[in-house]
Protein chains: 2
Amino acid sequence: MDKKYELNVRLFKALSDTNRLMIVNMLSYNELCACKILEQLGITQPTLSHHMKILCDCDLVKGRKDGKWTHYSLNGDTVSNLVSFFHDITITDNNCMCKEDEKGCYD
Amino acid sequence: MDKKYELNVRLFKALSDTNRLMIVNMLSYNELCACKILEQLGITQPTLSHHMKILCDCDLVKGRKDGKWTHYSLNGDTVSNLVSFFHDITITDNNCMCKEDEKGCYD
DNA sequence: ATAATATATAGACAATTATCAATATGAGGT
DNA sequence: ACCTCATATTGATAATTGTCTATATATTAT
């Protein structure tokens, strides 16, 4: 269970950068090669490479090598899993862990 | 539009920590005071206070002062907004920005 | 008033991160 | 073989972050 948290923390970290969010958005439309992504962002090529590594390492994005080019695409499964996880930890129900406590601030 | 990205980056950053994810999960069940949250996590009180500040500053969590205690609860609106945003940037459609490009890797 | 309790703030430190310039790798084209 | 283009890696630097100890603030009980 702690593993699950750490896995999803990695995904949230990958999404904690404006450039990477924009990359994710671009890839939602279609597979793109790095050079096309680079055109849209005001960063250098090594910085983009670094961001793509972070996105791929957590499986949010898939890379496909094709000759000189690397084509990137969104991994829909990872997106779905993250949405599910976030839904799970935020759904409101009433299983309050402290409802039947006898002392503390909820007497 | 860039503002929207930065706003949501802040939310993703707030979720990029195992302890904070666990706090969010605890609060999904019910409002809790800091002392109750502290019991569940292996961190010191000032560290918890720091985490709560981050969660509150981005509006993911609301704090309500009540005498000695501060009661925290999840902000459902912020949760919904984040889910919408993430859905928006990840939905797959076919408006490829490079479909009609005449040069590059997509000829 | 004084003490105890709940929470916040300040300051320090180690670890992580985003970025860049420089360089390496690797695949086609001439 | 050589050159060019696309991408990755290395090494450096400044900024951010998670954690702690120590201390401050504020509220309630005695």
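Each chain gets a letter, A, B and so on, in the order its sequence line appears, and its residues count up from 1.
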Side-chain N or O of [X] versus OP1/OP2 of [N]: is the shortest distance under 4.0 Å?
X: His51(A); N: dT17(C); value: no
X: Thr44(A); N: dT19(C); value: no
X: Ser49(B); N: dT7(C); value: no

Assign His50(A) to base, sugar-phosphate, or nothing according to its heavy-atom contacts below 4.0 angstrom with the strands shown.
base

Which is true for Leu48(B) with a 4.0 Å heavy-atom rule: it touches a base, it touches only sugar-phosphate, or it touches nothing?
nothing

Under 3.5 Å: donor-acceptor pair, side chain of Arg20(B), backbone of Ala14(B)
yes

If you measure only the distance, is there a donor-acceptor pair under 3.5 Å linking the side chains of Thr90(A) and Ser28(B)?
no

Between Arg64(A) and Glu31(A), does any side-chain N to carboxylate O distance fall below 4.0 Å?
yes

Quick check on DNA chain C: between Pro46(A) and Asp17(A), whose nearest nucleotide comes earlier from the 5' end?
Asp17(A)

Using heavy-atom distances to pick each residue's nearest nucleotide on DNA chain C, tell me which of Ile54(A) and Gln45(B) is more 5'.
Gln45(B)

Specify the residues of residues 60-68 of chain B, ordered by number, for which at least one heavy atom lies under 4.0 angstrom from an atom of DNA chain C.
Lys68(B)

Counting the benzene-type ring for Trp, do Phe85(A) and Tyr5(A) have ring centres under 6.0 Å apart?
yes

